**Q** 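Here you go, one structure.
Just the heavy atoms: all of them, side chains too, but no hydrogens, waters or symmetry mates, feed the values below. The first residue in the sequence is number 1, and the count goes up from there. Everything numeric in this text was worked out from a predicted model, so none of it was measured.
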Amino acid sequence: VASSLHERLAGMGIKSHIVTAEELQYASLWTHTLDQHAKGFTEIKLQNNEAIRSNELKAVWNRIRYFPMAHFKNETDRYYAQNEMSALYFSFLKSIEHTLFYPLNAYSLSIPEDNPMYLKHEAIKSGLKVLNYYFTTSPRWQSPKNMIAVITGKSTFQKKAPHLVWQNQPVMFSEEASDPKSVWIVGNEILGDEIILKNNPLKKLALNLKKELVEVQFAKTSEGYKVSNMNSFPAYVPVDVISSLASQ
């Protein structure tokens, strides 16, 4: 997504630069300064001698979620270094908060990972219908009506008879659905399948989520289309979504 956006901006005559997590973690110099008003300034010198200065940036779209720090062989050291690097990176992001496409919440000094259940809860609050789920530890040979098993515990019996579900093991059932379709929320703009776009609650969901980019997946059920999944960090988006990102 970042590479596509970079190419689209170049086609519009807008200068942009991609900086990877690896470039940042191997940077030769970080300088972070706080003035008497607690306003931050950051300068980062990369290995290729290019410098990133927070006061020179106009707009930033952050796609970095963590720093692998693979050069730390010891697992404990690597985990500690990842946290240290993330905290340093957050200091940088706070110093350029006015340029970020989506505002930053520095609580706990970590990039928030959206729980799928939280996202679906927001969809329900917005007035969208969501696929029904049913969880049980004792299916007793029967699945709920019009539902199929999507997550089951592993067992030798199940391998021999995959059409049956052994009792007294955790099983997640989902409402039967087909014909998957997707829409993308880009800021306050919604793009995607025309059939789904007619659903007005999507505008309310976009307003409530306040996310830079979210993919909302729908599936057809006996009661119409329902939200089947939501992804706040999609790896792929269509061309028109890239164009919307570039425009915004």
**Q** If the threshold is 4.0 Å, N to carboxylate O, is there a salt bridge linking D193 and K181?
**A**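 Looking at K181 together with D193, the answer is yes, because their closest N to O distance falls below 4.0 Å.
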**Q** Quick check against the 3.5 Å criterion: does S95 have a side-chain atom that pairs as donor or acceptor with the backbone of F41?
**A** no
**Q** So, N62 versus Y89: side-chain donor-acceptor pair below 3.5 Å or not?
**A**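 Judged by distance alone, the side chains do pair up.
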**Q** Charged N to carboxylate O below 4.0 Å: is that the case for R78 and E75?
**A**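 No, no charged N to carboxylate O under 4.0 Å.
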**Q** Could you tell me whether the side chain of S28 and the main chain of Q47 form a donor-acceptor pair under 3.5 Å?
**A** no
**Q** Do you see a donor-acceptor pair shorter than 3.5 Å between the side chains of H32 and S91?
**A** no
**Q** Describe, in one word, how the ring planes of F92 and W30 are oriented to each other, choosing from parallel (under 30°), tilted (30 to 60°) and perpendicular (over 60°).
**A** perpendicular
**Q** Backbone N or O of T20 within a donor-acceptor pair of the E23 side chain at under 3.5 Å?
**A** yes
**Q** I'd like to know if the side chain of R8 reaches the main chain of I242, judged simply by a donor and an acceptor atom lying under 3.5 Å from each other, with no hydrogens or angles considered.
**A**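 No; judged by distance alone, with no hydrogens or angles, the pair does not exist.
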**Q** With sequence neighbours excluded, what pairs up with W184 under the side chain to side chain donor-acceptor pair (under 3.5 Å) test?
**A**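 Not a single residue meets the side chain to side chain donor-acceptor pair (under 3.5 Å) criterion with W184.
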**Q** For F233, is the NZ or CZ atom of R63 found under 6.0 angstrom from the centre of its six-membered ring and inside 45 degrees of the ring axis?
**A**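 Judged by the rule (NZ or CZ under 6.0 Å from the ring centre, within 45° of its axis), R63 counts as positioned above F233.
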**Q** Within the structure provided, determine whether M230 and V214 are in side-chain contact (heavy-atom separation under 4.5 Å).
**A** yes
**Q** As a quick check of understanding, evaluate side-chain contact (heavy atoms from CB on, under 4.5 Å) for E212 and W61, giving each step before the final call.
**A** CA-CA 9 Å; E212 53 189 7; W61 194 48; 2.9 Å; yes
**Q** Within the 4.5 Å heavy-atom criterion, are Y236 and V1 side-chain neighbours or not?
**A**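 Side-chain contact under 4.5 Å: no.
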**Q** Determine whether a donor-acceptor pair (N or O, by modelled atom type, separation under 3.5 Å) exists between the side chain of S244 and the backbone of D240.
**A**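 Checking the backbone N and O of D240 against the side chain of S244, no donor-acceptor pair under 3.5 Å is found.
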